[in-house]
2 protein chains.
Amino acid sequence: MGGTAERLLDLAEARIREAGYGGFSFRDLAAEMGIKSASVHHHFPTKAGMTAAVARRYRERFFEIVAPRRDKSGDEAIAIYRSAFRSAIEQDGRMCLNGMLGAAAGGLPPEVAEEVKAFFRRCVGDLSSRVGGPDAVARAFHVMAALEGGLILARAFRDITAFDQATASLNTQGQP
Amino acid sequence: MGGTAERLLDLAEARIREAGYGGFSFRDLAAEMGIKSASVHHHFPTKAGMTAAVARRYRERFFEIVAPRRDKSGDEAIAIYRSAFRSAIEQDGRMCLNGMLGAAAGGLPPEVAEEVKAFFRRCVGDLSSRVGGPDAVARAFHVMAALEGGLILARAFRDITAFDQATASLNTQGQP
DNA sequence: GTCTATAATTTGATAGAC
DNA sequence: GTCTATCAAATTATAGAC
């Protein structure tokens, strides 16, 4: 636990959520760890592979937080997602990893783009099944969009209340 | 009209909307134009300055599209914004410039971050004044978030219907 | 696992000729 | 306005010693 590889993933995740795929380098990570970039390559041979590993871990952790409360449904599920997203920007003021990478999806290595797509696919699947009703899928898309966009606004304004205002109506939107 | 500087802004805008601030270089632009990177520096001395110029032009153009129909209000204003955002991804499959830059706001030169903030400030101000009502500001934030997030989903899935589903409820959400 | 050393490429930027 | 030439720095990545 807390080995070098894991801590490298921590640093990479923070940098990607701050400045995107093009905004971090192996030398940055190495310097912050007090090692050399060649040692980073020992743990993660390529940048694309490392980013894919960051995305996989991020997805697993996200659904460890969100999925256990599977008995809850509808508005409560939305509230759980909303609170998970809010804590991201509350803790360190950074973007959702997949929101950041998804925006730049066109310029990403294919293996990274696949991980991002998998994240959103699972979010929409999970949310829509818990929300239910004829517009469940559309509502799941809407919730995910509002959450990611809410983070963008909070980042642009450097003000978390932008996220709160943007997402306040999600819980009380009423179900079909 | 259509001078070198203008065409350089076109190319820079396309690249930024595709891969972000870190995803374009003066040499890329020069190569696409058939000139050398030194000639790009003649028109735009620094990358930060050029990106700020791209953002300024993007904002001006956006409000030339959206603002003239100032007589419209409420749901119609939201529909106008929605259609403006949709045309962005419909035409070239790319992100909104400010959504892309806003996500990475933490790693941007200050002069660029200021332009992005100005864009969203004006959007929220314009939208909220046209929507009206006690929750006008929150609703404006919500609309902007859903539109930017809808673009992210459409990019991640490479499917414009993700945007359509995510934003379908914006028009018919009903006003307070 | 970490290091030194290095290769090969790319980057933002400048000087100065034409 | 565009060019050649160049710089100093950063980038991803590899080879091989310890």
Side-chain angles (χ1 to χ4, degrees), chain A residues 1-55 57 100-101 104 106-115, chain B residues 1-57 97 100-101 104 106-115:
Chain A
M1 241 198 252
T4 305
E6 204 86 15
R7 274 183 295 164
L8 283 171
L9 290 180
D10 291 342
L11 294 172
E13 180 183 314
R15 294 289 303 159
I16 296 169
R17 290 175 51 209
E18 183 73 22
Y21 181 76
F24 88 101
S25 74
F26 277 36
R27 268 187 175 73
D28 289 340
L29 307 183
E32 279 192 81
M33 282 277 298
I35 60 177
K36 300 294 175 182
S37 73
S39 303
V40 181
H41 279 281
H42 168 76
H43 296 279
F44 302 98
T46 68
K47 185 179 178 177
M50 184 185 205
T51 305
V54 170
R57 194 188 64 161
M100 180 71 83
L101 294 177
L108 291 179
E111 61 186 302
V112 179
E114 263 317 304
E115 297 292 338
Chain B
M1 242 199 248
T4 304
E6 204 84 18
R7 274 182 296 165
L8 283 171
L9 290 180
D10 291 343
L11 294 173
E13 181 184 313
R15 292 290 302 160
I16 296 169
R17 289 176 50 209
E18 183 72 22
Y21 181 76
F24 87 102
S25 75
F26 276 37
R27 271 183 172 76
D28 288 339
L29 307 183
E32 279 193 82
M33 283 277 298
I35 60 177
K36 299 295 173 181
S37 72
S39 304
V40 181
H41 279 282
H42 168 76
H43 296 280
F44 302 99
T46 69
K47 184 179 178 177
M50 184 186 205
T51 305
V54 169
R56 260 191 307 278
R57 195 188 64 161
L97 181 89
M100 179 71 84
L101 295 176
L108 291 180
E111 62 186 302
V112 178
E114 265 315 308
E115 296 292 338

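All heavy atoms count here, side chains included; hydrogens, waters and symmetry mates do not. Chain letters run A, B, ... following the sequence lines, proteins first, then strands; residues in each count from 1.
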Using whole Å, report how far CG of B/L29 lies from C1' of D/dG1.
17 Å
Write out a two-atom table: protein N or O, nucleotide N or O from nucleotides 2-6 of chain C, distance below 3.5 Å.
unit_1, atom_1, unit_2, atom_2, d
C/dT2, OP1, A/T4, OG1, 3.4
C/dT2, OP2, A/H43, NE2, 2.7
C/dC3, OP2, A/K36, N, 2.7
C/dC3, OP2, A/S39, OG, 3.1

With sugar-phosphate meaning primed atoms plus P, OP1 and OP2, does B/F24 contact a base, only sugar-phosphate, or nothing at under 4.0 Å between heavy atoms?
sugar-phosphate
Which residues share a salt bridge (charged side-chain N to carboxylate O under 4.0 Å, His left out) with B/E111, sequence neighbours left out:
none
Taking 4.0 Å as the cut-off, does a side-chain nitrogen or oxygen of A/S25 come that near to OP1 or OP2 on D/dA10?
no
List the atom pairs, with distances to 0.1 Å, where a side-chain N or O of residues 28-36 of chain B and a protein N or O form a donor-acceptor pair under 3.5 Å, not counting sequence neighbours.
unit_1, atom_1, unit_2, atom_2, d
B/D28, OD2, B/S25, N, 3.4
B/D28, OD2, B/S25, OG, 3.3

Donor-acceptor contact below 3.5 Å, side chain B/K47 vs main chain B/Y21:
yes
Applying ring pair (Phe, Tyr, Trp, His ring centres under 6.0 Å) to B/F26 and not counting sequence neighbours gives B/H41
Between C/dT10 (C1') and B/R15 (CZ): distance, integer Å:
13 Å
Return the value, rounded to whole Å, for the distance between atom CZ of A/F26 and atom P of D/dT14.
10 Å
Starting at atom NZ of B/K47, determine the distance to atom P of C/dT11, rounded to an integer number of angstrom.
8 Å
Not counting sequence neighbours, which residues clear side-chain hydrogen bond (donor to acceptor under 3.5 Å, both in side chains) with A/R57? List them please.
A/D10, A/E13
Rounding to an integer number of Å, can you tell me how far A/F44 CZ sits from D/dT11 C1'?
19 Å
Test side-chain hydrogen bond (donor to acceptor under 3.5 Å, both in side chains) applied to B/E18 - qualifying residues, sequence neighbours left out
B/R94
